[in-house]
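All of these numbers come straight from a predicted model, not from anything done at the bench. Per chain, numbering begins at 1; letters A, B, ... match sequence-line order.
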2 protein chains.
Amino acid sequence: MKTIQVYRCLCDETRLRILNLLLEGPLCVCHLAAVLGLEQPKISRHLKALKGAGAVETERCYNWTIYRLAARPNAVLETNLKCLQDMRGEEAVFAHDLRQRARMFKELMAESCCELPARLRELCRESSQTV
Amino acid sequence: MKTIQVYRCLCDETRLRILNLLLEGPLCVCHLAAVLGLEQPKISRHLKALKGAGAVETERCYNWTIYRLAARPNAVLETNLKCLQDMRGEEAVFAHDLRQRARMFKELMAESCCELPARLRELCRESSQTV
DNA sequence: GACGAATATGCGGTTAATCGAATATTCGTC
DNA sequence: GACGAATATTCGATTAACCGCATATTCGTC
């Protein structure tokens with residue numbers, strides 16, 4: 001049952017925190033790890049689980065892998081992403097992560113050393129239309 | 001995080017099947033077990049998990065324990081119960097269980113040997129108003 | 001093709017979930 | 001208070017999830 005796989009994804013705090021961040025826009029692994037304050041291998045493994053359940057999609061950008069929410073999530077997933085968005089206020093972790101993200105994103109955008117910021121900016125523009 | 005506990009509940013097929021049945025109305029343990037074709041201790045254990053997550057409530061009726069959906073489920077749970085209802089058509093198990101339930105319920109109602117049928121009928125009438 | 005940054009995977013250990021089978025509890029009846 | 005029906009719990013075993021740590025892979029640069 002595909003649905004169960006989705007629920008299995010959602011019953012881990014780290015994965016919920018990742019989804020919470022991706023609701024704001026795409027991010028690559030290293031920035032997810034930095035924002036969440038967790039080890040990179042841990043993030044990678046959770047991202048793999050999320051991808052396996054069809055929750056996220058990836059795109060290579062040089063040696064970064066950019067993760068974003070799936071463009072066509074199944075019904076259950078879509079519903080729960082909306083739930084997550086509504087729930088942000090009630091959970092301090094989510095709010096905290098979003099603040100961290102905002103700060104880190106600002107820094108990243110200020111750097112013009114590589115092409116990642118440009119691509120992320122593009123993706124953000126796209127996703128803010130669909131979400 | 002309370003939400004995670006809810007998701008943990010939802011990522012087991014047996015529990016989803018139980019919730020699917022309870023969406024139609026309250027049932028006691030032995031009938032749940034019979035309809036699902038599973039052992040009674042297994043059902044009891046899953047019901048305990050559901051109760052722990054605030055998904056179901058109980059009521060004693062002689063030596064039966066009647067289980068029903070929680071009157072005030074939290075937001076995430078409520079949303080996913082609606083999802084479950086929408087999803088019934090797509091999952092053969094759910095449809096099959098509902099047919100089994102209908103048949104068994106009809107038989108049970110025909111019996112006038114005990115007070116269980118009467119109470120169940122009452123509860124069904126109530127719940128069909130709220131749901 | 002060697003190097004470094006970013007990402008992914010393998011491995012061993014620990015904890016949590018689930019199960020079947022047996023047993024305990026609860027409650028009404030006699 | 002003994003009995004039986006319905007339900008709940010305990011036990012040991014198996015499986016799955018998660019983690020930290022180390023290592024492998026990928027890809028662009030020099």
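- Not a single salt bridge (charged side-chain N to carboxylate O under 4.0 Å, His left out) links A:E39 to another residue, sequence neighbours left out.
- Heavy-atom distances under 4.0 Å link DNA chain C to B:R8, B:D12, B:R15 of residues 2-21 of chain B, given in residue order.
- Residues passing the side-chain contact (heavy atoms from CB on, under 4.5 Å) test with B:N74 are B:K2, B:V6, B:V76, B:L77, sequence neighbours excluded.
- In this view, B:E90 satisfies the side chain to side chain donor-acceptor pair (under 3.5 Å) rule with no residue, not counting sequence neighbours.
- Looking at residues two or more places apart in sequence or on another chain, you find a side-chain contact (heavy atoms from CB on, under 4.5 Å) between A:E107 and A:R103.
- Counting to the nearest Å, the P atom of D:dG4 and the CH2 atom of B:W64 are 17 Å from each other.
- As rounded to whole Å, 16 Å separates atom C1' of C:dA21 from atom CG of B:L38.
- B:K42 places its NZ atom 14 Å from the C1' atom of D:dT14, with the value rounded to the nearest Å.
- With sequence neighbours left out, A:C11 forms a side-chain contact (heavy atoms from CB on, under 4.5 Å) with B:I4, B:Y7, B:R8, B:C11.
- Protein atom CD of A:E39 is 12 Å distant from nucleotide atom C1' of D:dA22, rounded to whole Å.
- Shown here are the salt bridge (charged side-chain N to carboxylate O under 4.0 Å, His left out) partners of A:D12, two or more places apart in sequence or in another chain: there are none.
- Residues passing the salt bridge (charged side-chain N to carboxylate O under 4.0 Å, His left out) test with A:R99: none are found, sequence neighbours excluded.
- The pair A:E59-A:R119 counts as a salt bridge, with a side-chain nitrogen and a carboxylate oxygen less than 4.0 angstrom apart.
- Applying the salt bridge (charged side-chain N to carboxylate O under 4.0 Å, His left out) criterion to A:E57, with sequence neighbours excluded, gives A:R68.
- Using a 4.5 Å cut-off on side-chain heavy atoms (C-beta onward), B:L47 and B:I43 make contact.
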Base-contact (B) and sugar-phosphate-only (S) positions in nucleotides 22-30 of chain C, heavy-atom cut-off under 4.0 Å, - elsewhere: B----SS--
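- For the OP1/OP2 pair of C:dT9 and a distance below 4.0 Å, the side-chain nitrogens and oxygens of A:K48 include at least one atom meeting the criterion.
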Strand DNA chain C in bracket notation, Watson-Crick/G-U under 3.5 Å with | for pairs to another chain: ||||||||||||||||||||||||||||||
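- Each of B:R45 and B:H31 was matched to the nucleotide of DNA chain D holding its nearest heavy atom; the match closer to the 5' end belongs to B:H31.
- Judged as a side chain to side chain donor-acceptor pair (under 3.5 Å), and not counting sequence neighbours, the contacts of B:S44 are B:Q40.
- One can place NE2 of B:H46 at 6 Å from P of C:dT18, the figure rounded to the nearest angstrom.
- Nucleic acid contact for B:S44: base, since at least one base atom lies under 4.0 Å from a heavy atom of the residue.
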